[in-house]
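First up is the structure itself, then whatever we jot down about it.
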Amino acid sequence: MTVPVRGMTPLIQVFDMPASLQYYRDRLGFEVAQSDGPGEPHDWALLRLGDAHLMLNTAYEADSRPPAPDPTRVSAHGDTTVFFGCPDVDGAYRHFVAQGVTVTPPVVTHYGFKSISLTDPDGYVLCFHWPATEGS
């Protein structure tokens with residue numbers, strides 16, 4: 001038997017939800033598809049960009065949030081890369097640069113994908129890529 005999966009949605013823990021929403025929504029172009037309530041601030045949000053979904057959840061409850069992120073926790077986020085299928089890598093690069101996002105220029109990887117990478121405010125790496133042979 002095969003399991004009829006229709007997608008996958010990663011959940012990442014963020015330190016500052018307003019900063020994360022500003023980054024993902026206002027700079028990268030995601031929309032808030034759902035959240036834990038009307039208005040802001042949110043403790044949880046489901047974001048959508050095209051057919052891709054990403055959930056953000058605050059790492060701390062508001063009454064127990066430390067004044068600054070834990071550097072050990074943030075450094076561990078470098079082990080996480082979220083990949084997005086992106087048929088127009090060059091267009092995404094131009095869009096992100098125009099939004100003031102720090103992003104690597106497009107490269108073709110050793111496995112044959114054209115890709116760009118960026119790091120979100122919490123240290124998670126985001127990679128937008130597509131097979132180089134498909135005209136990306």
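The OG atom of S20 lies 9.5 Å from the CG atom of L54; values are rounded to the nearest 0.5 Å. Atom CG of L56 and atom CG of D43 lie 11.5 Å apart (nearest 0.5 Å). Between atom OG1 of residue T104 and atom CD1 of residue I116 there is a gap of 6.5 Å, rounded to the nearest 0.5 Å. If you take CD on E31 and CG on L47, they are separated by 9.0 Å, rounding to the nearest 0.5 Å. Taking CD from Q13 and OG1 from T80, the interatomic distance works out to 11.0 Å, rounded to the nearest 0.5 Å.
Only one option out of D120, D122, N57 pairs with I12 in a side chain to side chain contact (heavy atoms under 4.5 Å, CB included); it is D120. Screening F96, F113, F30 for a ring pair (Phe, Tyr, Trp, His ring centres under 6.0 Å) with F84, the sole residue that qualifies is F30.
Aromatic ring centroids of Y23 and Y124 lie 6.0 Å or more apart. A centroid separation of 6.0 Å or more is found between the aromatic rings of F128 and F83.
The two residues H95 and L28 make their nearest non-hydrogen contact at NE2-O, 3.8 Å. Heavy atoms only, all atoms of each residue included: G85 and W130 are closest at C-CE3, 3.8 Å. Between Q99 and D26, the shortest heavy-atom distance links the atoms OE1-O, 3.4 Å. In terms of heavy-atom proximity, H42 sits nearest to G37 at CE1-O, 3.1 Å.
Under the 4.5 Å side-chain heavy-atom criterion for grouping Ile, Leu, Val, Met, Phe, Trp and Tyr, M55 is not connected to M17 through any hydrophobic cluster. Cluster membership for L118 and V82, using ILVMFWY side-chain heavy atoms within less than 4.5 angstrom, is shared. By the criterion of side-chain heavy atoms lying less than 4.5 angstrom apart, applied directly or through intervening Ile, Leu, Val, Met, Phe, Trp or Tyr residues, V14 is grouped together with L49 in one hydrophobic cluster. V108 and Y93 fall into different hydrophobic clusters, where Ile, Leu, Val, Met, Phe, Trp and Tyr are joined by side-chain heavy atoms under 4.5 Å apart, directly or via other members.
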Decide yes or no on side-chain hydrogen bond (donor to acceptor under 3.5 Å, both in side chains) for S115 and H129, but give the supporting numbers first. CA-CA 4 Å; S115 72; H129 74 159; over 6 Å; no

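Cation-pi check for R65 over F15 is met; the charged atom lies under 6.0 angstrom from the ring centroid and within 45 degrees of its normal.
With a 4.5 Å cut-off on side-chain heavy atoms, V32 and L21 count as touching. The shortest distance between side-chain heavy atoms of W44 and L11 falls below 4.5 Å. Put simply, the side chain of V97 reaches to within 4.5 Å of the side chain of V103, judged on heavy atoms. Residues T119 and L126 form no side-chain contact, since every pair of their non-hydrogen atoms from C-beta on lies 4.5 Å or further apart.
Side chain to side chain, H53 and T9 fail the donor-acceptor criterion of an N or O pair below 3.5 Å.
Within 6.0 Å of CG on D51 lie no more than 12 heavy atoms contributed by other residues, nucleotides or ligands.
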